[in-house]
Amino acid sequence: MPLDWARIEAICFDVDGTLSDTDNHMVASIMKPMGALRGLIPHKSARYLARGLVMAFESPGNFIYYLADRLGIDHAVSSLADWLSRHALQRKPATFWLIPDVQDMLDQLEGRFPLSIVSARGRIGTETFLNQFQLHSRFRSIATSQTCRHTKPFPDPVIWAARQMGVAPANCLMVGDTVVDIKAGRAAGAQTAGVLCGFGTRRELERAGADVILNTTADLIREMDQANL
């Protein structure tokens with residue numbers, strides 16, 4: 001089903017797998033120690049295995065966040081994650097990869113829509129990513145796992161971001177690569193776009209109720225062009 005662009009007044013973006021090329025970065029990190037087994041595991045098979053491991057851990061990771069929310073310990077979990085991130089950064093600065101063409105997409109969106117980040121990542125990790133690519137000023141608001149009482153898949157961060165942008169949640173578009181992104185957007189009354197450049201599969205995103213599925217985040221511009229915006 002195509003997006004109803006007449007309703008869209010603001011856009012919310014997830015980070016991991018949507019703006020940040022997290023899964024391919026993780027795949028590369030897993031494959032690095034496999035180099036010693038190059039004679040036993042062909043490169044193509046090693047990449048397939050590494051990607052399978054990344055995909056396998058994505059759903060349990062989301063479940064942990066969901067369970068922490070239900071138990072009321074989500075802020076404790078997020079604070080622990082931030083503490084670990086802070087100490088990891090002291091040892092070695094974090095580096096992120098950007099999804100291809102995302103920078104150009106943001107250039108084209110800036111001034112046309114207010115933009116916000118809605119991420120389940122902790123504050124420090126989110127800020128580090130945005131600072132690396134000098135993206136902070138692009139976004140009207142930044143919701144992390146610690147911003148609201150509940151994080152995705154609850155609608156709270158989407159509703160909060162909409163309020164910061166001065167629009168109704170129903171007039172937002174939530175863009176993300178996982179089921180929790182789509183569920184959070186739909187629960188807030190927003191339209192949703194699932195992207196296939198991250199952790200989620202087409203089948204998962206369709207079953208979650210995404211209004212549109214894009215091969216990559218930057219394809220959002222093509223959707224706008226087709227709507228003559």
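What you see is a predicted model; the values in this text were computed from it and never measured.
- M165 CE to C172 SG: the interatomic distance, rounded to the nearest 0.5 Å, is 4.0 Å.
- The closest side-chain heavy-atom distance from I11 to L220 is below 4.5 Å.
- With hydrophobic clusters built from ILVMFWY side chains whose heavy atoms lie under 4.5 angstrom apart, M105 shares a cluster with F129.
- We find the CD-CD distance between Q134 and Q103 to be 8.5 Å, quoted to the nearest 0.5 Å.
- F96 and L106 fall within a single hydrophobic cluster, where Ile, Leu, Val, Met, Phe, Trp and Tyr side chains are chained together by heavy-atom contacts under 4.5 Å.
- Residues R140 and P114 approach most closely at NH2-CB, 3.4 Å, considering heavy atoms.
- Contact check for I124 versus E127: no side-chain heavy atoms found under the 4.5 Å cut-off.
- Between the Q191 side chain and the D4 main chain, a donor and an acceptor come within less than 3.5 Å of each other.
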Donor-acceptor pairs under 3.5 angstrom involving side-chain atoms of residues 221-229: please list them, not counting sequence neighbours.
none

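- One N or O on the side chain of N171 and one on the backbone of R7 form a donor-acceptor pair closer than 3.5 Å.
- Put simply, the side chain of L19 does not reach to within 4.5 Å of the side chain of F133, judged on heavy atoms.
- Residues L135 and L98 have side chains in contact (heavy-atom distance under 4.5 Å, counting atoms from C-beta outward).
- Partner of K152 under the salt bridge (charged side-chain N to carboxylate O under 4.0 Å, His left out) criterion, out of D177, D14, D16: D14 alone.
- Counting heavy atoms of neighbouring residues, nucleotides and ligands inside a 6.0 Å radius, atom CG of N131 exceeds 12 of them.
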Assess the residue pair S20 and R121 against the criterion (side-chain contact (heavy atoms from CB on, under 4.5 Å)); give the C-alpha distance rounded to whole Å, side-chain angles, the decisive distance to 0.1 Å, and a yes or no. CA-CA 11 Å; S20 174; R121 177 183 275 274; 5.5 Å; no
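- The shortest side-chain heavy-atom distance between M174 and V118 falls under the 4.5 Å cut-off.
- T201 places a side-chain N or O within 3.5 Å of a backbone atom of E204 that can act as its donor or acceptor partner.
- Taking every heavy atom of both residues into account, P157 and C148 meet most closely at CA-SG, 3.7 Å.
- At least one side-chain heavy atom of W5 sits under 4.5 Å from a side-chain heavy atom of L173.
- For R138, the salt bridge (charged side-chain N to carboxylate O under 4.0 Å, His left out) criterion is met by D107, E110, not counting sequence neighbours.
- In plain terms, the two heavy atoms of T18 and V102 that are nearest each other are O-CG2, 4.0 Å.
- A side-chain N or O of D181 and one of T178 form a donor-acceptor pair less than 3.5 Å apart.
- Within the structure, salt bridge (charged side-chain N to carboxylate O under 4.0 Å, His left out) contacts touching residues 161-170 (residues at least two apart or in different chains) do not occur.
- Within the 4.5 Å cutoff, the side chain of T126 has heavy atoms near those of the S119 side chain.
- In terms of heavy-atom proximity, C12 sits nearest to A161 at SG-CB, 4.1 Å.
- Residues V158 and V180 fall into different hydrophobic clusters, defined by Ile, Leu, Val, Met, Phe, Trp and Tyr side chains chained together at heavy-atom separations under 4.5 Å.
- For the residue pair S141 and S116, a side-chain donor N or O sits within less than 3.5 Å of a side-chain acceptor on the partner.
- Classification of the F139-F13 ring pair by plane angle, with boundaries at 30° and 60°, yields perpendicular.
- The shortest non-hydrogen separation linking D211 to L3 is CB-CD2, 3.8 Å.
- In plain terms, the two heavy atoms of V167 and A10 that are nearest each other are CG2-CB, 3.8 Å.
- Placement of L115 and V175 within a single hydrophobic cluster is found when ILVMFWY residues are connected by side-chain heavy-atom separations under 4.5 Å, directly or transitively.
- A donor-acceptor pair is defined here as one N or O able to donate and one able to accept, closer than 3.5 Å; such a pair exists between the side chain of R186 and the backbone of G209.
- Side-chain contact check for L196 versus L214: every heavy-atom pair is 4.5 Å or farther apart.
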